[in-house]
Number of protein chains: 2
Amino acid sequence: MESNKILVVDDETDILTLLSYNLKKAGFDVLTAKDGPEAIEIARARQPGLVILDIMLPNMDGTEVLKQLKADTKTAGIPVIMLTAKGEEVDRIVGFELGAEDYITKPFSPREVVLRVKAVLKRFKLPRSDERIITYRDITIDPSKHRVTVRKDTIDLTPTEFKLLKELLEAGGRVLSRDLLLDMVWGQDCYVTPRTVDTHIRRLRSKLGYAGRYIETVRGVGYRIKTEEDQ
Amino acid sequence: MESNKILVVDDETDILTLLSYNLKKAGFDVLTAKDGPEAIEIARARQPGLVILDIMLPNMDGTEVLKQLKADTKTAGIPVIMLTAKGEEVDRIVGFELGAEDYITKPFSPREVVLRVKAVLKRFKLPRSDERIITYRDITIDPSKHRVTVRKDTIDLTPTEFKLLKELLEAGGRVLSRDLLLDMVWGQDCYVTPRTVDTHIRRLRSKLGYAGRYIETVRGVGYRIKTEEDQ
DNA sequence: CCCCATTGTTACAGAACTGTTACAGTTGTC
DNA sequence: GACAACTGTAACAGTTCTGTAACAATGGGG
(Lines give C-alpha, C1' and ligand atoms only; values in the text may rest on other atoms or scores of the structure.)
Protein backbone atom coordinates (compact mmCIF):
# COMPACT_ATOMS: atom_id res chain seq x y z
CA MET A 1 0.00 0.00 0.00
CA GLU A 2 1.92 2.99 -1.23
CA SER A 3 0.39 6.09 0.21
CA ASN A 4 1.53 7.99 -2.82
CA LYS A 5 -0.83 6.22 -5.19
CA ILE A 6 -4.36 7.48 -5.28
CA LEU A 7 -7.22 5.82 -7.09
CA VAL A 8 -9.93 8.15 -8.35
CA VAL A 9 -13.25 6.58 -9.33
CA ASP A 10 -15.81 8.57 -11.28
CA ASP A 11 -17.74 8.07 -14.48
CA GLU A 12 -17.42 11.67 -15.58
CA THR A 13 -14.27 12.22 -17.59
CA ASP A 14 -14.16 15.89 -16.69
CA ILE A 15 -13.91 15.15 -13.01
CA LEU A 16 -11.29 12.47 -13.52
CA THR A 17 -9.21 14.91 -15.51
CA LEU A 18 -9.62 17.71 -13.04
CA LEU A 19 -8.71 15.59 -10.04
CA SER A 20 -5.87 13.81 -11.79
CA TYR A 21 -4.31 17.07 -12.80
CA ASN A 22 -4.47 18.56 -9.34
CA LEU A 23 -3.42 15.48 -7.46
CA LYS A 24 -0.48 14.95 -9.76
CA LYS A 25 0.51 18.55 -9.29
CA ALA A 26 0.47 17.88 -5.56
CA GLY A 27 2.90 15.04 -6.06
CA PHE A 28 0.65 12.00 -6.04
CA ASP A 29 0.52 9.16 -8.52
CA VAL A 30 -2.98 8.90 -9.84
CA LEU A 31 -4.88 5.84 -11.01
CA THR A 32 -8.39 6.14 -12.41
CA ALA A 33 -11.41 3.93 -12.84
CA LYS A 34 -14.74 4.64 -14.47
CA ASP A 35 -17.00 2.15 -12.74
CA GLY A 36 -17.26 -0.05 -9.70
CA PRO A 37 -15.88 -3.38 -10.89
CA GLU A 38 -12.91 -1.68 -12.47
CA ALA A 39 -12.25 0.24 -9.26
CA ILE A 40 -12.25 -2.92 -7.16
CA GLU A 41 -9.94 -4.68 -9.54
CA ILE A 42 -7.46 -1.85 -9.65
CA ALA A 43 -7.57 -1.37 -5.90
CA ARG A 44 -6.74 -5.03 -5.37
CA ALA A 45 -4.00 -5.08 -7.95
CA ARG A 46 -2.26 -1.75 -7.41
CA GLN A 47 -2.83 -1.21 -3.69
CA PRO A 48 -3.26 2.54 -3.69
CA GLY A 49 -2.81 4.45 -0.47
CA LEU A 50 -6.20 6.11 -0.78
CA VAL A 51 -9.35 5.91 -2.89
CA ILE A 52 -11.57 8.79 -3.93
CA LEU A 53 -14.94 7.31 -4.83
CA ASP A 54 -17.97 8.93 -6.42
CA ILE A 55 -21.19 7.83 -4.81
CA MET A 56 -23.00 7.97 -8.13
CA LEU A 57 -21.70 5.37 -10.50
CA PRO A 58 -23.25 3.51 -13.40
CA ASN A 59 -23.50 -0.22 -13.10
CA MET A 60 -22.75 -0.43 -9.40
CA ASP A 61 -23.61 2.08 -6.70
CA GLY A 62 -20.72 3.81 -4.95
CA THR A 63 -21.78 2.61 -1.53
CA GLU A 64 -21.80 -0.94 -2.85
CA VAL A 65 -18.25 -0.50 -4.09
CA LEU A 66 -17.28 0.89 -0.71
CA LYS A 67 -18.81 -2.12 1.02
CA GLN A 68 -16.90 -4.53 -1.16
CA LEU A 69 -13.63 -2.69 -0.69
CA LYS A 70 -14.07 -2.82 3.08
CA ALA A 71 -15.03 -6.49 2.99
CA ASP A 72 -11.92 -7.59 1.12
CA THR A 73 -8.87 -8.03 3.29
CA LYS A 74 -6.63 -6.88 0.48
CA THR A 75 -8.32 -3.50 0.30
CA ALA A 76 -10.02 -3.09 3.68
CA GLY A 77 -7.19 -1.02 5.08
CA ILE A 78 -7.27 1.61 2.37
CA PRO A 79 -8.92 4.84 3.42
CA VAL A 80 -11.74 6.04 1.18
CA ILE A 81 -13.02 9.54 0.57
CA MET A 82 -16.53 9.67 -0.90
CA LEU A 83 -17.76 12.24 -3.36
CA THR A 84 -21.42 12.99 -2.69
CA ALA A 85 -23.91 15.17 -4.51
CA LYS A 86 -25.31 16.87 -1.42
CA GLY A 87 -24.54 16.33 2.24
CA GLU A 88 -27.23 13.68 2.34
CA GLU A 89 -27.05 10.45 4.26
CA VAL A 90 -23.52 11.23 5.11
CA ASP A 91 -23.72 9.65 8.52
CA ARG A 92 -24.35 6.30 6.98
CA ILE A 93 -21.32 6.51 4.76
CA VAL A 94 -18.71 8.02 7.01
CA GLY A 95 -17.78 6.23 10.17
CA PHE A 96 -18.73 2.85 11.36
CA GLU A 97 -21.49 1.70 9.13
CA LEU A 98 -19.78 1.84 5.79
CA GLY A 99 -16.38 2.93 6.86
CA ALA A 100 -15.41 5.79 4.59
CA GLU A 101 -12.84 8.11 6.11
CA ASP A 102 -14.24 11.38 4.88
CA TYR A 103 -16.55 12.80 2.28
CA ILE A 104 -16.56 15.77 -0.02
CA THR A 105 -19.70 17.25 -1.52
CA LYS A 106 -19.89 18.32 -5.10
CA PRO A 107 -19.18 20.83 -6.29
CA PHE A 108 -15.77 21.03 -4.73
CA SER A 109 -12.61 22.99 -5.25
CA PRO A 110 -9.62 20.94 -6.35
CA ARG A 111 -7.59 22.59 -3.64
CA GLU A 112 -10.00 21.34 -1.00
CA VAL A 113 -9.73 17.81 -2.30
CA VAL A 114 -5.97 17.85 -2.10
CA LEU A 115 -6.13 19.16 1.45
CA ARG A 116 -8.56 16.48 2.50
CA VAL A 117 -6.48 13.78 0.91
CA LYS A 118 -3.43 14.94 2.78
CA ALA A 119 -5.37 15.16 6.02
CA VAL A 120 -6.74 11.66 5.70
CA LEU A 121 -3.38 10.21 4.80
CA LYS A 122 -1.85 11.87 7.79
CA ARG A 123 -4.53 10.59 10.08
CA PHE A 124 -3.85 7.11 8.79
CA LYS A 125 -0.20 7.27 9.45
CA LEU A 126 -0.57 8.29 13.04
CA PRO A 127 -0.23 5.57 15.60
CA ARG A 128 -3.72 4.24 15.95
CA SER A 129 -5.34 5.93 18.85
CA ASP A 130 -7.93 3.21 18.74
CA GLU A 131 -5.17 0.77 19.48
CA ARG A 132 -6.49 -1.22 22.31
CA ILE A 133 -6.12 0.17 25.76
CA ILE A 134 -5.57 -2.76 28.04
CA THR A 135 -6.89 -2.75 31.55
CA TYR A 136 -6.44 -5.31 34.23
CA ARG A 137 -7.68 -4.54 37.71
CA ASP A 138 -6.00 -1.24 38.57
CA ILE A 139 -3.44 -1.42 35.79
CA THR A 140 -4.11 0.42 32.56
CA ILE A 141 -1.75 0.56 29.68
CA ASP A 142 -2.18 2.74 26.62
CA PRO A 143 0.22 1.67 23.90
CA SER A 144 -0.32 4.72 21.73
CA LYS A 145 0.60 7.03 24.55
CA HIS A 146 3.13 4.60 25.92
CA ARG A 147 1.65 5.18 29.28
CA VAL A 148 0.97 2.92 32.24
CA THR A 149 -1.13 3.84 35.20
CA VAL A 150 -1.84 2.04 38.43
CA ARG A 151 -4.90 3.55 40.03
CA LYS A 152 -4.46 6.97 38.41
CA ASP A 153 -0.76 7.07 39.17
CA THR A 154 1.45 7.15 36.14
CA ILE A 155 4.32 4.72 36.21
CA ASP A 156 7.48 5.24 34.23
CA LEU A 157 8.54 2.11 32.43
CA THR A 158 11.47 1.56 30.14
CA PRO A 159 10.70 0.22 26.66
CA THR A 160 11.56 -3.33 27.65
CA GLU A 161 9.50 -3.26 30.79
CA PHE A 162 6.61 -1.76 28.89
CA LYS A 163 6.57 -4.45 26.22
CA LEU A 164 6.95 -7.14 28.82
CA LEU A 165 3.97 -5.93 30.79
CA LYS A 166 1.94 -5.54 27.62
CA GLU A 167 2.58 -9.12 26.56
CA LEU A 168 1.76 -10.46 29.97
CA LEU A 169 -1.49 -8.55 30.14
CA GLU A 170 -2.45 -9.48 26.61
CA ALA A 171 -1.90 -13.12 27.39
CA GLY A 172 -4.65 -12.71 29.94
CA GLY A 173 -3.65 -15.27 32.51
CA ARG A 174 -1.88 -17.77 30.29
CA VAL A 175 1.62 -18.73 31.36
CA LEU A 176 4.37 -17.40 29.14
CA SER A 177 7.69 -19.18 29.21
CA ARG A 178 10.90 -17.21 29.34
CA ASP A 179 11.81 -18.28 25.84
CA LEU A 180 8.46 -17.18 24.51
CA LEU A 181 8.78 -13.84 26.23
CA LEU A 182 12.23 -13.41 24.73
CA ASP A 183 10.72 -13.96 21.31
CA MET A 184 7.89 -11.56 21.89
CA VAL A 185 9.72 -8.75 23.62
CA TRP A 186 13.30 -9.02 22.44
CA GLY A 187 12.57 -10.28 18.93
CA GLN A 188 12.81 -13.68 17.40
CA ASP A 189 16.49 -13.78 16.77
CA CYS A 190 18.24 -12.42 19.78
CA TYR A 191 20.68 -14.23 21.91
CA VAL A 192 20.04 -13.33 25.48
CA THR A 193 20.04 -15.45 28.59
CA PRO A 194 16.52 -16.37 29.59
CA ARG A 195 17.47 -15.25 33.05
CA THR A 196 17.39 -11.71 31.74
CA VAL A 197 13.63 -11.99 31.77
CA ASP A 198 13.77 -12.57 35.50
CA THR A 199 15.64 -9.37 36.07
CA HIS A 200 13.16 -7.35 34.10
CA ILE A 201 10.25 -9.02 35.81
CA ARG A 202 11.80 -8.01 39.07
CA ARG A 203 12.16 -4.40 37.95
CA LEU A 204 8.60 -4.40 36.71
CA ARG A 205 7.25 -5.75 39.95
CA SER A 206 9.09 -3.22 41.99
CA LYS A 207 7.94 -0.30 39.83
CA LEU A 208 4.34 -1.47 39.94
CA GLY A 209 4.29 -1.45 43.72
CA TYR A 210 1.57 -3.55 45.24
CA ALA A 211 0.25 -4.27 41.75
CA GLY A 212 3.47 -6.14 41.18
CA ARG A 213 1.90 -9.06 42.92
CA TYR A 214 -0.38 -9.57 39.97
CA ILE A 215 2.62 -11.02 38.18
CA GLU A 216 2.87 -14.60 39.29
CA THR A 217 5.86 -16.88 38.97
CA VAL A 218 4.99 -20.33 37.73
CA ARG A 219 7.89 -22.33 38.92
CA GLY A 220 9.67 -24.27 36.25
CA VAL A 221 7.56 -22.73 33.50
CA GLY A 222 7.48 -18.98 33.36
CA TYR A 223 5.32 -16.04 34.35
CA ARG A 224 1.67 -15.16 34.13
CA ILE A 225 -0.80 -12.55 35.24
CA LYS A 226 -3.05 -13.64 38.06
CA THR A 227 -6.63 -13.66 36.94
CA GLU A 228 -9.27 -12.20 39.19
CA GLU A 229 -10.58 -15.62 40.12
CA ASP A 230 -7.41 -16.87 41.74
CA GLN A 231 -7.43 -13.91 44.08
CA MET B 1 -10.98 20.64 22.38
CA GLU B 2 -12.91 17.43 22.71
CA SER B 3 -15.90 17.64 20.48
CA ASN B 4 -17.71 15.27 22.76
CA LYS B 5 -17.99 17.76 25.56
CA ILE B 6 -20.81 20.25 25.30
CA LEU B 7 -21.27 23.23 27.54
CA VAL B 8 -24.86 24.33 28.11
CA VAL B 9 -25.40 27.78 29.55
CA ASP B 10 -28.78 28.81 30.88
CA ASP B 11 -30.10 30.23 34.12
CA GLU B 12 -33.26 28.13 34.11
CA THR B 13 -32.68 24.82 35.81
CA ASP B 14 -35.47 23.15 33.86
CA ILE B 15 -33.83 23.86 30.56
CA LEU B 16 -30.45 22.72 31.79
CA THR B 17 -31.97 19.46 32.95
CA LEU B 18 -33.89 18.91 29.74
CA LEU B 19 -30.93 19.58 27.50
CA SER B 20 -28.50 17.64 29.66
CA TYR B 21 -30.72 14.62 29.61
CA ASN B 22 -31.16 14.60 25.88
CA LEU B 23 -27.60 15.40 24.99
CA LYS B 24 -26.29 12.72 27.29
CA LYS B 25 -28.68 10.25 25.75
CA ALA B 26 -27.20 11.19 22.39
CA GLY B 27 -23.75 10.30 23.69
CA PHE B 28 -22.30 13.68 24.60
CA ASP B 29 -20.62 14.70 27.80
CA VAL B 30 -22.46 17.68 29.18
CA LEU B 31 -21.11 20.55 31.23
CA THR B 32 -23.42 23.24 32.53
CA ALA B 33 -23.15 26.84 33.66
CA LYS B 34 -25.76 29.16 35.06
CA ASP B 35 -24.33 32.52 34.17
CA GLY B 36 -21.86 34.26 31.91
CA PRO B 37 -18.70 34.40 34.02
CA GLU B 38 -19.10 30.78 34.99
CA ALA B 39 -19.57 29.82 31.34
CA ILE B 40 -16.42 31.59 30.27
CA GLU B 41 -14.42 30.02 33.04
CA ILE B 42 -15.62 26.52 32.24
CA ALA B 43 -15.14 26.99 28.52
CA ARG B 44 -11.53 28.02 29.10
CA ALA B 45 -10.81 25.24 31.52
CA ARG B 46 -12.60 22.30 29.99
CA GLN B 47 -12.40 23.11 26.30
CA PRO B 48 -15.77 21.80 25.18
CA GLY B 49 -16.35 21.03 21.54
CA LEU B 50 -19.44 23.18 21.42
CA VAL B 51 -21.32 25.71 23.54
CA ILE B 52 -25.08 26.16 23.74
CA LEU B 53 -25.71 29.63 25.08
CA ASP B 54 -28.93 31.29 26.14
CA ILE B 55 -29.15 34.87 25.00
CA MET B 56 -30.98 35.90 28.16
CA LEU B 57 -28.76 35.57 31.15
CA PRO B 58 -28.67 37.32 34.48
CA ASN B 59 -25.55 39.23 35.33
CA MET B 60 -24.11 39.30 31.83
CA ASP B 61 -25.93 39.35 28.53
CA GLY B 62 -25.56 36.30 26.31
CA THR B 63 -24.20 38.31 23.42
CA GLU B 64 -21.57 39.74 25.72
CA VAL B 65 -20.55 36.24 26.74
CA LEU B 66 -20.37 35.28 23.10
CA LYS B 67 -18.15 38.25 22.36
CA GLN B 68 -15.78 37.34 25.12
CA LEU B 69 -15.62 33.73 24.08
CA LYS B 70 -14.73 34.76 20.55
CA ALA B 71 -12.15 37.26 21.75
CA ASP B 72 -10.20 34.76 23.82
CA THR B 73 -7.79 32.64 21.85
CA LYS B 74 -8.44 29.71 24.12
CA THR B 75 -12.12 29.63 23.31
CA ALA B 76 -12.37 31.41 19.98
CA GLY B 77 -12.37 28.18 18.04
CA ILE B 78 -15.35 26.69 19.81
CA PRO B 79 -18.61 26.82 17.87
CA VAL B 80 -21.54 28.37 19.69
CA ILE B 81 -25.25 27.79 19.25
CA MET B 82 -27.45 30.55 20.67
CA LEU B 83 -30.82 30.06 22.29
CA THR B 84 -33.05 33.03 21.51
CA ALA B 85 -36.51 33.95 22.69
CA LYS B 86 -37.89 34.84 19.30
CA GLY B 87 -36.17 34.95 15.95
CA GLU B 88 -35.23 38.55 16.60
CA GLU B 89 -31.96 40.19 15.77
CA VAL B 90 -30.64 36.87 14.72
CA ASP B 91 -28.59 38.27 11.87
CA ARG B 92 -26.47 40.19 14.27
CA ILE B 93 -25.69 37.13 16.31
CA VAL B 94 -25.12 34.48 13.75
CA GLY B 95 -22.43 34.90 11.19
CA PHE B 96 -19.75 37.49 10.99
CA GLU B 97 -20.64 40.11 13.49
CA LEU B 98 -20.71 38.04 16.64
CA GLY B 99 -19.69 34.71 15.29
CA ALA B 100 -22.22 32.19 16.57
CA GLU B 101 -22.57 29.13 14.39
CA ASP B 102 -26.30 28.64 14.62
CA TYR B 103 -29.29 29.64 16.72
CA ILE B 104 -32.38 27.93 18.06
CA THR B 105 -35.51 29.76 19.11
CA LYS B 106 -37.39 28.86 22.24
CA PRO B 107 -39.48 26.92 22.59
CA PHE B 108 -37.59 24.08 20.96
CA SER B 109 -37.83 20.33 20.83
CA PRO B 110 -34.88 18.52 22.42
CA ARG B 111 -34.60 16.39 19.33
CA GLU B 112 -34.09 19.46 17.20
CA VAL B 113 -31.30 20.66 19.47
CA VAL B 114 -29.46 17.38 19.22
CA LEU B 115 -29.73 17.44 15.46
CA ARG B 116 -28.42 20.99 15.26
CA VAL B 117 -25.56 20.15 17.56
CA LYS B 118 -24.55 17.23 15.41
CA ALA B 119 -24.84 19.30 12.26
CA VAL B 120 -22.66 22.08 13.62
CA LEU B 121 -20.09 19.67 14.98
CA LYS B 122 -19.89 17.91 11.67
CA ARG B 123 -19.48 21.17 9.85
CA PHE B 124 -16.71 22.10 12.26
CA LYS B 125 -14.91 18.84 12.42
CA LEU B 126 -14.47 17.77 8.87
CA PRO B 127 -13.20 20.84 7.13
CA ARG B 128 -9.54 21.36 7.38
CA SER B 129 -8.06 20.56 10.69
CA ASP B 130 -5.18 22.57 9.30
CA GLU B 131 -6.92 25.81 10.04
CA ARG B 132 -8.24 25.07 13.45
CA ILE B 133 -6.95 26.81 16.50
CA ILE B 134 -5.41 24.33 18.83
CA THR B 135 -5.11 24.94 22.52
CA TYR B 136 -3.37 22.95 25.13
CA ARG B 137 -3.10 24.31 28.63
CA ASP B 138 -1.47 27.72 28.16
CA ILE B 139 -0.33 27.07 24.62
CA THR B 140 -2.47 28.26 21.75
CA ILE B 141 -1.52 27.87 18.16
CA ASP B 142 -3.33 29.38 15.23
CA PRO B 143 -2.20 27.71 12.04
CA SER B 144 -3.89 30.22 9.77
CA LYS B 145 -1.95 33.08 11.34
CA HIS B 146 1.10 31.01 12.06
CA ARG B 147 1.04 32.29 15.58
CA VAL B 148 1.79 30.71 18.90
CA THR B 149 1.02 32.17 22.27
CA VAL B 150 1.88 31.01 25.74
CA ARG B 151 -0.34 32.75 28.23
CA LYS B 152 -0.87 35.87 26.13
CA ASP B 153 2.78 36.07 25.16
CA THR B 154 3.42 35.60 21.50
CA ILE B 155 6.29 33.30 20.73
CA ASP B 156 8.31 33.46 17.54
CA LEU B 157 8.76 30.05 16.04
CA THR B 158 10.49 29.09 12.86
CA PRO B 159 8.43 27.12 10.33
CA THR B 160 9.94 23.82 11.37
CA GLU B 161 9.41 24.44 15.04
CA PHE B 162 5.85 25.49 14.36
CA LYS B 163 4.94 22.37 12.43
CA LEU B 164 6.63 20.22 15.00
CA LEU B 165 4.63 21.75 17.82
CA LYS B 166 1.45 21.52 15.82
CA GLU B 167 1.88 17.84 15.14
CA LEU B 168 2.68 17.12 18.73
CA LEU B 169 -0.37 18.99 19.94
CA GLU B 170 -2.63 17.40 17.37
CA ALA B 171 -1.47 13.97 18.39
CA GLY B 172 -3.01 14.72 21.75
CA GLY B 173 -0.72 12.81 24.03
CA ARG B 174 0.17 9.98 21.72
CA VAL B 175 3.84 9.27 21.33
CA LEU B 176 5.30 10.22 17.99
CA SER B 177 8.50 8.52 16.99
CA ARG B 178 11.28 10.52 15.44
CA ASP B 179 10.74 8.81 12.12
CA LEU B 180 7.07 9.57 12.14
CA LEU B 181 7.75 13.19 13.00
CA LEU B 182 10.20 13.37 10.13
CA ASP B 183 7.45 12.14 7.84
CA MET B 184 4.93 14.57 9.16
CA VAL B 185 7.06 17.67 9.45
CA TRP B 186 9.80 17.22 6.91
CA GLY B 187 7.79 15.30 4.32
CA GLN B 188 7.55 11.67 3.46
CA ASP B 189 10.68 11.30 1.46
CA CYS B 190 13.40 13.27 3.04
CA TYR B 191 16.68 11.96 4.20
CA VAL B 192 17.49 13.61 7.43
CA THR B 193 19.01 12.17 10.55
CA PRO B 194 16.32 11.42 13.10
CA ARG B 195 18.56 13.18 15.56
CA THR B 196 17.63 16.40 13.85
CA VAL B 197 14.28 16.11 15.54
CA ASP B 198 16.04 16.25 18.90
CA THR B 199 17.68 19.50 18.05
CA HIS B 200 14.44 21.11 17.04
CA ILE B 201 12.69 19.76 20.10
CA ARG B 202 15.39 21.37 22.14
CA ARG B 203 14.91 24.71 20.40
CA LEU B 204 11.17 24.44 20.83
CA ARG B 205 11.43 23.68 24.51
CA SER B 206 13.73 26.54 25.13
CA LYS B 207 11.52 29.01 23.25
CA LEU B 208 8.41 27.83 25.06
CA GLY B 209 9.96 28.52 28.44
CA TYR B 210 8.27 26.72 31.30
CA ALA B 211 5.68 25.39 28.87
CA GLY B 212 8.52 23.48 27.28
CA ARG B 213 8.05 20.92 29.97
CA TYR B 214 4.81 19.83 28.40
CA ILE B 215 6.91 18.14 25.77
CA GLU B 216 7.90 14.85 27.24
CA THR B 217 10.68 12.59 26.08
CA VAL B 218 9.68 8.96 25.95
CA ARG B 219 13.01 7.31 26.02
CA GLY B 220 13.58 4.79 23.30
CA VAL B 221 10.37 5.77 21.58
CA GLY B 222 9.95 9.42 20.77
CA TYR B 223 8.21 12.52 22.05
CA ARG B 224 4.74 13.33 23.28
CA ILE B 225 2.73 16.08 24.87
CA LYS B 226 1.95 15.51 28.50
CA THR B 227 -1.76 15.26 28.97
CA GLU B 228 -3.44 16.86 31.91
CA GLU B 229 -4.01 13.51 33.56
CA ASP B 230 -0.38 12.67 33.99
CA GLN B 231 0.18 15.73 36.11
C1' DC C 1 14.55 -32.04 57.31
C1' DC C 2 17.88 -31.72 53.63
C1' DC C 3 19.22 -30.96 48.95
C1' DC C 4 19.11 -29.01 44.60
C1' DA C 5 16.94 -26.73 41.00
C1' DT C 6 14.81 -22.57 40.43
C1' DT C 7 14.00 -17.84 41.31
C1' DG C 8 14.76 -13.28 43.71
C1' DT C 9 18.14 -9.52 44.62
C1' DT C 10 21.75 -6.71 43.91
C1' DA C 11 25.70 -4.59 41.78
C1' DC C 12 28.06 -3.19 37.82
C1' DA C 13 30.07 -2.15 33.38
C1' DG C 14 29.18 -1.41 28.78
C1' DA C 15 25.74 0.11 25.51
C1' DA C 16 22.24 3.02 24.06
C1' DC C 17 19.93 7.22 24.25
C1' DT C 18 19.20 12.05 24.77
C1' DG C 19 20.54 16.92 25.88
C1' DT C 20 23.48 20.54 24.68
C1' DT C 21 26.43 23.21 22.07
C1' DA C 22 28.97 24.74 18.18
C1' DC C 23 29.42 25.20 13.41
C1' DA C 24 28.82 25.44 8.53
C1' DG C 25 25.84 25.58 4.61
C1' DT C 26 21.52 27.73 2.76
C1' DT C 27 18.23 30.88 2.01
C1' DG C 28 16.21 35.12 1.70
C1' DT C 29 16.28 40.18 2.65
C1' DC C 30 17.69 44.69 2.37
C1' DG D 1 26.95 41.50 -1.68
C1' DA D 2 26.62 41.67 3.40
C1' DC D 3 23.86 40.14 6.91
C1' DA D 4 20.70 37.69 9.61
C1' DA D 5 17.78 33.86 10.26
C1' DC D 6 17.08 29.06 9.77
C1' DT D 7 18.63 24.18 9.34
C1' DG D 8 21.00 20.01 9.49
C1' DT D 9 25.05 17.66 11.26
C1' DA D 10 28.53 16.39 14.28
C1' DA D 11 30.83 16.01 18.60
C1' DC D 12 30.76 15.72 23.44
C1' DA D 13 28.73 14.92 27.96
C1' DG D 14 25.55 13.18 31.03
C1' DT D 15 22.03 10.03 32.01
C1' DT D 16 19.45 5.91 31.70
C1' DC D 17 18.91 1.23 30.26
C1' DT D 18 20.21 -3.45 29.95
C1' DG D 19 22.36 -7.91 30.13
C1' DT D 20 25.28 -10.61 33.03
C1' DA D 21 26.98 -12.61 36.87
C1' DA D 22 27.42 -13.61 41.65
C1' DC D 23 25.07 -14.50 45.73
C1' DA D 24 20.91 -15.13 48.67
C1' DA D 25 16.44 -17.02 49.27
C1' DT D 26 12.82 -20.20 48.23
C1' DG D 27 10.29 -24.20 47.56
C1' DG D 28 9.30 -28.88 46.22
C1' DG D 29 10.70 -33.72 46.23
C1' DG D 30 12.61 -37.20 48.52
Side-chain angles (χ1 to χ4, degrees), chain A residues 146-148 154-168 175-226, chain B residues 146-148 154-168 175-226:
Chain A
H146 203 271
R147 202 170 145 238
V148 177
T154 301
I155 309 265
D156 274 339
L157 295 185
T158 68
T160 311
E161 288 156 6
F162 187 88
K163 282 186 238 161
L164 191 54
L165 178 60
K166 181 161 164 261
E167 295 298 345
L168 283 169
V175 186
L176 302 179
S177 71
R178 290 176 176 72
D179 287 327
L180 190 53
L181 284 169
L182 281 183
D183 273 7
M184 299 194 299
V185 175
W186 278 257
Q188 33 245 23
D189 31 37
C190 83
Y191 301 94
V192 179
T193 316
R195 283 304 309 274
T196 301
V197 175
D198 295 32
T199 307
H200 283 275
I201 287 281
R202 143 104 174 110
R203 287 167 184 157
L204 238 186
R205 278 178 177 152
S206 105
K207 282 191 183 176
L208 289 178
Y210 72 89
R213 292 180 209 155
Y214 300 160
I215 303 175
E216 185 181 13
T217 306
V218 181
R219 207 182 164 77
V221 188
Y223 297 94
R224 61 179 283 246
I225 291 288
K226 275 193 202 167
Chain B
H146 200 272
R147 239 183 61 175
V148 176
T154 300
I155 308 260
D156 273 340
L157 293 185
T158 68
T160 310
E161 288 156 7
F162 186 85
K163 281 189 239 162
L164 190 56
L165 179 60
K166 178 162 162 268
E167 296 297 346
L168 283 169
V175 185
L176 302 180
S177 70
R178 291 177 176 71
D179 287 328
L180 189 55
L181 283 169
L182 282 183
D183 271 9
M184 300 194 301
V185 175
W186 279 257
Q188 34 239 24
D189 31 37
C190 82
Y191 300 93
V192 178
T193 316
R195 284 304 308 274
T196 300
V197 175
D198 294 33
T199 307
H200 284 273
I201 287 280
R202 144 107 173 109
R203 289 167 183 156
L204 237 186
R205 277 179 178 151
S206 101
K207 282 191 184 177
L208 289 178
Y210 71 90
R213 291 181 210 157
Y214 299 159
I215 303 175
E216 185 180 13
T217 305
V218 181
R219 190 171 238 272
V221 187
Y223 296 95
R224 61 177 285 246
I225 292 288
K226 275 195 200 166

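Residue numbers begin at 1 in each chain, while the letters A, B, ... track the order of the sequences.
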*Name the nucleic acid region contacted by B:Phe162, choosing base, sugar-phosphate or nothing; use a 4.0 angstrom heavy-atom cut-off, strictly under.*
nothing

*Nearest non-hydrogen partners of A:Lys226 and A:Glu216, listed with the distance*: CG-OE1, 3.5 Å

_Between D:dA25 (C1') and A:Arg205 (CZ): distance, integer Å_ = 14 Å

_With a 4.0 Å cut-off on N to O distance, would you call B:Asp198 and B:Arg178 a salt bridge?_
yes

*Find the distance B:Leu181:CG to C:dT18:P and express it as a whole number of Å.*
12 Å

*Step by step, would you call B:Glu161 with B:Lys207 a salt bridge (Lys or Arg N to Asp or Glu O under 4.0 Å)?*
CA-CA 10 Å; B:Glu161 288 156 7; B:Lys207 282 191 184 177; 2.8 Å; yes

_Base versus backbone protein contacts along nucleotides 14-21 of chain D [heavy-atom cut-off under 4.0 Å; B, S, -]_ = -BBSBBB-

*For the pair made of NE2 in A:His146 and C1' in C:dC17, what is the distance, rounded to whole Å?*
14 Å

*Using side chain to side chain contact (heavy atoms under 4.5 Å, CB included) as the criterion, list what pairs up with A:Asp179, not counting sequence neighbours.*
A:Ser177, A:Leu182, A:Pro194

*Round to a whole Å and report the spacing from CG of B:Leu204 to P of D:dG8.*
13 Å

*What's the CZ-P distance between B:Arg202 and D:dA13, to the nearest Å?*
17 Å

*asked:* Show the nearest heavy-atom pair for residues A:Tyr223 and A:Leu168, with the distance to one decimal.
replied: O-CD2, 4.0 Å

*asked:* Between C1' on C:dT10 and CD1 on A:Ile201, what's the gap in Å once rounded to a whole number?
replied: 17 Å

*Taking C-beta and beyond as the side chain, do B:Thr196 and B:Trp186 meet within less than 4.5 Å on heavy atoms?*
yes

*Taking A:Arg147 for the side chain and A:Thr154 for the main chain, is one N or O donor matched with an acceptor at less than 3.5 Å?*
no

*For B:Asp198 and D:dC12, give me the distance from atom CG to atom P, rounded to whole Å.*
18 Å

*B:Tyr223 side-chain N/O to C:dG19 phosphate OP1/OP2 under 4.0 Å*: yes

*Quick one: label A:Val218 by what it contacts on the DNA or RNA (base, sugar-phosphate, nothing), any heavy atom closer than 4.0 Å.*
sugar-phosphate

*For C:dT18, does either OP1 or OP2 sit under 4.0 Å from a side-chain N or O belonging to B:Arg178?*
yes

